Amino acid sequence: MRSTSSFVYTSQPQRVVFGAGSLAHLGREIEALGARRALVLSTPEQRAQAERVAELLGPQAAGIFDRAVMHVPIETAREAREVARKLDADCAVAIGGGSTTGLGKAIALDSGLPILAIPTTYAGSEMTPIYGLTEAGLKKTGKDFRVLPRTVIYDPELSRSLPVGLSVTSGINAIAHAAEGLYAQDSNPVMDLMAEEGIAAIARALPAIRRSPEDIEARSDALYGAWLCGSVLGNVGMALHHKLCHTLGGSFNLPHAEVHTVVLPHAIAFNAEAAPGAMQRIARALGTADAAQGLQALARDNGAPIALNDIGMKEADLDRAADLAVSNPYWNPRPFGPAERGAIRALLQRAYEGAPPR
Ligand SMILES: NC(=O)C1=CN([C@@H]2O[C@H](COP(=O)(O)OP(=O)(O)OC[C@H]3O[C@@H](n4cnc5c(N)ncnc54)[C@H](O)[C@@H]3O)[C@@H](O)[C@H]2O)C=CC1
Ligand SMILES: O=C(O)/C=C\C(=O)CC(=O)O
């Protein structure tokens with residue numbers, strides 16, 4: 001286990017309102033932010049939920065922008081920023097998954113408008129000061145406290161409609177934040193507690209959601225886990241796993257939550273010897289003997305993909321993916337710079353085939 005003798009912990013200024021039906025407190029929460037005119041953001045698919053939010057807001061709603069898409073193309077960000085300016089919005093309400101929260105972050109980065117996030121997936125973006133923007137086919141990420149949502153309303157009722165497949169992969173996306181937080185360079189004992197509890201909450205929620213997607217207890221557990229795991233990502237650094245996923249998602253256009261689901265067991269296996277304490281905590285949270293195998297079983301047993309081959313990756317692109325991943329590595333307990341290119345290429349091959357992690 002980690003030593004408690006020396007660490008740094010920064011508490012982040014956020015207000016969280018949690019519970020089934022908590023969307024009803026939206027008006028109160030907008031007032032608490034000191035805002036008057038909210039621009040409501042969503043994807044086209046979640047337009048109906050955005051309309052419900054606007055209806056709840058009544059005169060506090062400035063309008064709806066429903067064109068959020070994955071990885072926040074700069075053109076969409078510019079369009080949304082312009083709409084916010086024209087409508088004289090003084091805050092953004094993002095209802096949806098990481099793509100919609102990400103669009104809110106792009107507006108906040110430019111204008112400083114406060115964000116109230118209403119997450120409907122388990123991606124965890126609402127708890128982080130991390131933003132992503134895609135320009136000319138290249139995705140860049142950065143960190144800025146202006147983009148950290150000021151208020152988050154977690155209402156599990158709103159995630160009941162999340163399809164089972166995406167619920168499972170999105171839950172594992174959240175687990176990835178916690179798993180990497182457990183061996184992050186700048187982690188601390190408080191984050192360790194949140195990470196282990198977050199992984200356990202999601203691991204028990206996913207089979208229950210699969211059996212019964214409307215089960216509000218299971219949806220609450222998953223959202224609670226997403227909050228904890230997202231907080232870990234928001235507080236400490238990312239490592240090999242997130243680097244591989246950003247490379248595969250950004251340069252090969254693979255779907256975000258699925259790519260996290262496939263890669264995680266392999267990245268964890270790569271780090272197993274270098275981070276034994278983290279492995280112990282992950283395995284304990286999953287109720288398994290081996291962290292990496294437990295993660296692959298969690299995906300497979302709940303019907304999620306375990307092979308890059310099944311989510312659109314071409315085998316011919318694995319060499320380029322390995323080159324990109326090692327060319328600008330994140331800190332990792334087991335280094336993965338150009339000297340480890342062979343090991344990373346082998347990891348990607350196993351992930352491509354859906355082989356057991358080792
Ligand atoms: N900056 C950060 O800290 C983080 C950012 N992200 C970013 O978030 C994006 C991925 O976000 P995700 O949440 O995985 O997917 P998403 O936000 O793209 O949503 C996927 C699809 O599911 C739909 N959906 C969402 N909630 C639903 C619900 N309750 N019922 C029915 N449909 C629903 C959406 O409208 C969309 O069509 C990526 O761009 C990723 O980079 C992800 C995690 C952390
Ligand atoms: O990979 C993740 O789940 C975490 C961070 C991002 O996706 C960065 C972003 O594009 O906002």
Side-chain angles (χ1 to χ4, degrees), residues 12 23 41-50 52 66-73 76-77 94-106 108-109 115 117-135 138-144 147-149 152 154-181 209 213-214 219 222-223 226-227 229-250 253-261 263-264 267 330:
Q12 293 183 164
L23 182 63
L41 307 173
S42 74
T43 59
E45 297 81 18
Q46 287 179 278
R47 169 87 198 185
Q49 281 182 327
R52 193 174 149 214
D66 69 358
R67 293 196 286 286
V69 287
M70 204 170 276
H71 303 313
V72 197
T76 312
I95 179 156
S99 299
T100 307
T101 308
L103 180 61
K105 288 177 169 184
L109 186 66
I115 304 170
I118 308 170
T120 63
T121 71
Y122 309 127
S125 174
E126 67 283 355
M127 298 312 293
T128 84
I130 302 165
Y131 62 88
L133 278 170
T134 304
E135 189 162 10
L138 256 190
K139 181 166 174 174
K140 288 189 189 141
T141 56
K143 209 170 183 179
D144 191 312
V147 311
L148 182 72
V152 181
Y154 284 111
D155 185 341
E157 297 279 1
L158 301 170
S159 55
R160 278 175 144 167
S161 54
L162 188 65
V164 169
L166 189 50
S167 299
V168 174
T169 55
S170 183
I172 296 175
N173 181 192
I175 287 178
H177 306 330
E180 289 230 300
I209 289 173
E214 297 271 322
R219 290 293 185 182
L223 212 48
W227 168 15
C229 295
S231 298
V232 175
L233 176 68
N235 277 275
V236 302
M238 300 179 267
L240 169 69
H241 168 75
H242 282 78
K243 176 67 189 187
L244 290 173
C245 292
H246 294 169
T247 303
L248 293 167
N253 207 24
L254 301 190
H256 182 83
E258 285 91 334
V259 83
H260 269 273
T261 301
V263 170
L264 186 61
Y330 297 171

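Just so it is clear, the structure is predicted and the values come from calculations on it, not from any experiment. Remember, it's 1-based here, ligands and their atoms both numbered in the order they're listed. Starting from 1, each residue takes its place in the sequence as its number.
Atom CZ of R52 has 12 or fewer neighbouring heavy atoms from other residues, nucleotides or ligands inside a 6.0 Å radius. More than 12 heavy-atom neighbours from other residues, nucleotides or ligands sit within 6.0 angstrom of CG on D144.
With 3.5 Å as the limit, one finds no donor-acceptor pair spanning the side chains of T134 and K140. Between the side chains of Q46 and T100, no donor N or O sits under 3.5 Å from an acceptor N or O. Side-chain contact of H71 with H256: a donor-acceptor pair under 3.5 Å is absent, judged by distance alone.
Interface atoms of ligand 1 facing A123, defined by a heavy-atom separation under 4.0 Å, are 13 (O), 42 (C), 43 (C), 44 (C). Those atoms of ligand 1 that come under 4.0 Å of a heavy atom in T43, given as number and element, are 34 (C), 35 (O). Less than 4.0 angstrom separates some heavy atom of G97 from each of these atoms of ligand 1: 13 (O), 17 (O). Listed by atom number, the atoms of ligand 1 under 4.0 Å from S125 heavy atoms are 1 (N), 2 (C), 3 (O), 4 (C), 5 (C), 44 (C). Listed by number with element, the atoms of ligand 1 under 4.0 angstrom from any heavy atom of K105 are 1 (N), 2 (C), 3 (O). Atom numbering of ligand 1 starts at 1 in the shown order; those under 4.0 Å from a heavy atom of T121 are 13 (O), 25 (C), 26 (N).
The option with the heavy atom closest to atom 15 (O) of ligand 1, from among M70, Q49, H256, is M70.
The protein atom (non-hydrogen) at minimum distance from atom 24 (N) of ligand 1 is Q46 OE1, 3.4 Å. Taking atom 41 (O) of ligand 1 as the reference point, the nearest protein heavy-atom neighbour is K139 NZ, 2.8 Å. With respect to atom 29 (N) of ligand 1, the closest heavy atom belonging to the protein is L158 O, 3.0 Å. The shortest contact between atom 21 (C) of ligand 1 and any protein heavy atom is with L166 CD2, 3.8 Å. Scanning the protein for heavy atoms near atom 28 (C) of ligand 1, the closest one is S161 OG, 3.5 Å. The nearest protein atom to atom 36 (C) of ligand 1, hydrogens excluded, is given as E45 OE1, 4.1 Å; this is a heavy-atom distance. With hydrogens left out, the protein atom closest to atom 12 (P) of ligand 1 is G98 N, 3.6 Å, a heavy atom. For atom 18 (O) of ligand 1, the nearest protein heavy atom (residue, atom name, distance) is S99 OG, 2.5 Å.
Residues I172 and T169 are not in side-chain contact: their nearest non-hydrogen atoms beyond the backbone lie 4.5 Å or more apart. With contacts defined as side-chain heavy-atom distances shorter than 4.5 Å, the pair M127/L233 does not qualify. Annotation: side chain of H246 is in contact with side chain of M238 (closest heavy-atom distance under 4.5 Å).
At distances below 3.5 Å, at least one donor-acceptor pair connects side-chain atoms of E180 with backbone N or O atoms of H241. Looking only at distances, a side-chain donor or acceptor of R219 sits under 3.5 Å from a matching main-chain atom of S159. Formation of a donor-acceptor pair under 3.5 Å by the R47 side chain with backbone atoms of S42 is not found in this model. A donor-acceptor distance shorter than 3.5 angstrom exists from the side chain of S170 to the backbone of Y122, with no hydrogens or angles considered. Using a distance-only test at 3.5 Å, with no hydrogens or angles considered, no donor-acceptor pair links the side chain of T128 to the main chain of G124. Judged purely by atom type and a 3.5 angstrom limit, S167 uses its side chain to pair as donor or acceptor with the backbone of P163.
With a 4.0 Å heavy-atom cut-off, ligand 1 is reached by the backbone of H71 and by its side chain too. Of the heavy atoms in T120, both backbone and side-chain atoms come closer than 4.0 Å to ligand 1. Of all the heavy atoms of H260, none lies under 4.0 Å from any atom of ligand 1, so neither backbone nor side chain is involved.
Residue G124 places no N or O, backbone or side chain, under 3.5 Å from any N or O of ligand 1. Checking only distances, P163 never comes within under 3.5 Å of ligand 1, N or O to N or O. In terms of polar-atom proximity, defined here as any N/O pair under 3.5 Å, T128 does make such a contact with ligand 1.
Using 4.0 Å as the threshold, M127 has no heavy atom nearer than that to any atom of ligand 1. The shortest heavy-atom distance from R160 to ligand 1 is not under 4.0 Å.
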For ligand 2, run through the N/O pairs with the protein that fall under 3.5 Å and put one pair on each line.
from: ligand 2; atom 1: 1 (O); to: H246; atom 2: NE2; distance (Å): 2.7
from: ligand 2; atom 1: 1 (O); to: H260; atom 2: NE2; distance (Å): 2.9
from: ligand 2; atom 1: 3 (O); to: N173; atom 2: ND2; distance (Å): 3.2
from: ligand 2; atom 1: 3 (O); to: H256; atom 2: NE2; distance (Å): 2.9
from: ligand 2; atom 1: 3 (O); to: H260; atom 2: NE2; distance (Å): 3.2
from: ligand 2; atom 1: 10 (O); to: K139; atom 2: NZ; distance (Å): 2.5
from: ligand 2; atom 1: 11 (O); to: G132; atom 2: N; distance (Å): 3.4

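Taking all atoms of both residues into account, the shortest heavy-atom contact from K143 to Y131 is N-CE2, 3.7 Å. Of all the heavy atoms in I209 and A222, the pair that sits closest is CD1-CB, 3.9 Å. Scanning all heavy atoms of the two residues, the minimum distance from A178 to V232 falls at CA-CG1, 4.2 Å.
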